[in-house]
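Written below as C-alpha cells is the structure these notes are about.
Throughout, residue positions are numbered sequentially from 1 according to the sequence presented. Everything quoted here is computed from the prediction, not taken from an experiment. The figures here come from the full heavy-atom set of this structure, side chains too, leaving out hydrogens, waters and symmetry mates.
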Amino acid sequence: TFFIMVSIIGWVVIDFSKNYLWGDALHKIFLGRLIFTISVVQFLTIAGDMISFFGCWFLSDVGLRKLIALYENRKYALITEKKKFIISFASNFFMLFSFALLYVFSGQLYLSQIFDSSQKQFIHSSVLEWAAITLALSAIIKSANIPFHGWVLGMMEAPTPVSGLLHAGLLNAGPFLVIRFASIFENVSIAPDILILWGGLSAL
C-alpha cells in the first residue's frame with residue numbers, strides 16, 4: 001500500500017517536474033536527484049532487513065538535502081540544508097541504536113524474524129522497550145514534529161516539486177516506520193505513549 005502511494009505521488013511530481021525549470025541549466029540534475037530520492041523511498045517501503053531499511057532511510061535524507069541545496073547561491077536554502085543535516089543525523093542515530101539493540105539481542109537481520117522473536121518474547125522486555133523508544137524518537141524527528149520542524153519552513157527556498165515530494169514518503173516515513181515495526185510497538189508500553197503525547201503536542 002505504501003509502495004503504491006509513493007509511486008503514484010512520485011509519478012505526479014516527476015510528471016510536473018518535466019516542464020518545471022525547463023531551460024534551466026540545472027534541469028537535468030534536478031530531475032536526476034528527484035528520481036533518485038523517490039526510488040530510495042520506494043525501496044524503503046519494501047525493505048525486508050535492517051541493513052536495507054537503514055540504508056534507504058539514510059539515502060532518502062541525502063537525496064532531499066541535495067534537492068534543497070540545488071542552487072548553491074541561495075543563502076537560505078543552504079541554511080535549511082544544514083538544519084536538515086543535523087535533524088537527519090539525530091534520526092539516523094536513534095534508528096541505528098535501535099537496530100543495534102535488536103540485532104545484538106535477537107541475532108537476526110531480517111525484519112520478519114525480529115518481529116517473530118518479539119511476539120514470542122525471545123527478546124527481553126526492557127531491551128524491546130528501549131528499541132521501541134529509540135525507534136519512536138527516530139520517527140518523530142523524521143516526521144518534523146515539534147521541535148524538529150524548523151527546516152520545513154525553509155523548503156520554500158527549494159524548487160516547488162520538492163515540497164510535493166515531502167508527501168511522497170519523506171515526511172510520511174515516520175508513520176511508515178511505526179506501522180512497519182508495529183509488532184514491536186504492540187509489545188511495549190512506554191513508546192506508544194511517547195508517540196501519542198508527542199504527536200498530540202505537534203498537532204496542537
Extract all donor-acceptor atom pairs below 3.5 Å that involve side chains of residues 41-56 and protein atoms in other chains or at least two apart in sequence.
unit_1	atom_1	unit_2	atom_2	d
Gln42	NE2	Ser7	OG	2.8
Thr45	OG1	Gln42	O	2.6
Asp49	OD1	Ser52	OG	2.9
Asp49	OD2	Ile51	N	3.1
Asp49	OD2	Ser52	N	2.9
Asp49	OD2	Ser52	OG	3.3

Could you tabulate the donor-acceptor pairs under 3.5 Å formed by side-chain atoms of residues 181-197, not counting sequence neighbours?
unit_1	atom_1	unit_2	atom_2	d
Asn187	ND2	Ser183	O	2.5
Ser189	OG	Glu129	OE1	3.4

List the atom pairs, donor and acceptor, that lie under 3.5 Å between side-chain atoms in residues 99-109 and the rest of the protein, sequence neighbours left out.
unit_1	atom_1	unit_2	atom_2	d
Ser106	OG	Leu102	O	2.4
Ser106	OG	Gln108	N	3.2

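Between Ile14 atom CD1 and Ile35 atom CD1 the span is 5.0 Å, to the nearest 0.5 Å. How far CD1 of Ile87 is from CZ of Phe148: 6.0 Å, rounded to the nearest 0.5 Å. Atom CZ of Phe176 and atom CH2 of Trp57 lie 9.0 Å apart (nearest 0.5 Å). A distance of 10.0 Å separates CZ of Phe93 from CD1 of Ile141, quoted to the nearest 0.5 Å. To the nearest 0.5 Å, atoms CG (Leu64) and CZ (Phe36) are separated by 11.5 Å.
The hydrophobic cluster of Leu204 has no other members, since no ILVMFWY side-chain heavy atom comes under 4.5 Å of it. Residues Tyr76 make up the rest of the hydrophobic cluster containing Ile79, defined by ILVMFWY side-chain heavy atoms closer than 4.5 Å, directly or through other members.
Residues satisfying the side-chain hydrogen bond (donor to acceptor under 3.5 Å, both in side chains) test with Ser98, not counting sequence neighbours, are none. For Lys28, there are no salt bridge (Lys or Arg N to Asp or Glu O under 4.0 Å) partners at least two apart in sequence or on another chain. Scored by the side-chain contact (heavy atoms from CB on, under 4.5 Å) test, Leu70 finds Leu21, Leu26, Ile29, Phe30, Arg33, Pro159 as partners (sequence neighbours excluded). With sequence neighbours left out, the side-chain contact (heavy atoms from CB on, under 4.5 Å) criterion links Ile146 to His149, Ser202. With sequence neighbours excluded, no residue forms a side-chain contact (heavy atoms from CB on, under 4.5 Å) with Phe89. With sequence neighbours excluded, the residues satisfying salt bridge (Lys or Arg N to Asp or Glu O under 4.0 Å) with Arg65 are Glu81.
Using a 4.5 Å cut-off on side-chain heavy atoms (C-beta onward), Ile38 and Trp11 make no contact.
Transitive grouping of hydrophobic side chains (ILVMFWY, heavy atoms separated by less than 4.5 Å) brings Phe94 and Ile179 into a common cluster. Val62 and Leu78 end up in different hydrophobic clusters when Ile, Leu, Val, Met, Phe, Trp and Tyr side chains are linked at under 4.5 Å. Both Phe16 and Val162 belong to a common hydrophobic cluster when Ile, Leu, Val, Met, Phe, Trp and Tyr are linked at side-chain heavy-atom distances under 4.5 angstrom. No single ILVMFWY cluster, assembled from side-chain heavy atoms under 4.5 Å apart, contains both Leu201 and Ile133.
Judged by distance alone, with hydrogens and angles left aside, the side-chain atoms of Thr134 form no donor-acceptor pair with the main-chain N or O of Phe97 at under 3.5 Å.
Annotation for Gly199 and Asn145: closest pair CA-OD1, 4.0 Å, computed over non-hydrogen atoms. The minimum heavy-atom distance linking Ser143 with Gly174 is given by the pair OG-CA, 3.1 Å.
More than 12 heavy atoms of other residues, nucleotides or ligands sit less than 6.0 Å from atom OH of Tyr71. Atom CZ of Phe85 has 12 or fewer heavy atoms from other residues, nucleotides or ligands within 6.0 Å.
Screening residues 82-109 for salt bridge (charged side-chain N to carboxylate O under 4.0 Å, His left out), with sequence neighbours left out, gives Asp61-Lys84.
A donor-acceptor contact under 3.5 angstrom links the side chains of Ser60 and Lys142, judged on distance only.
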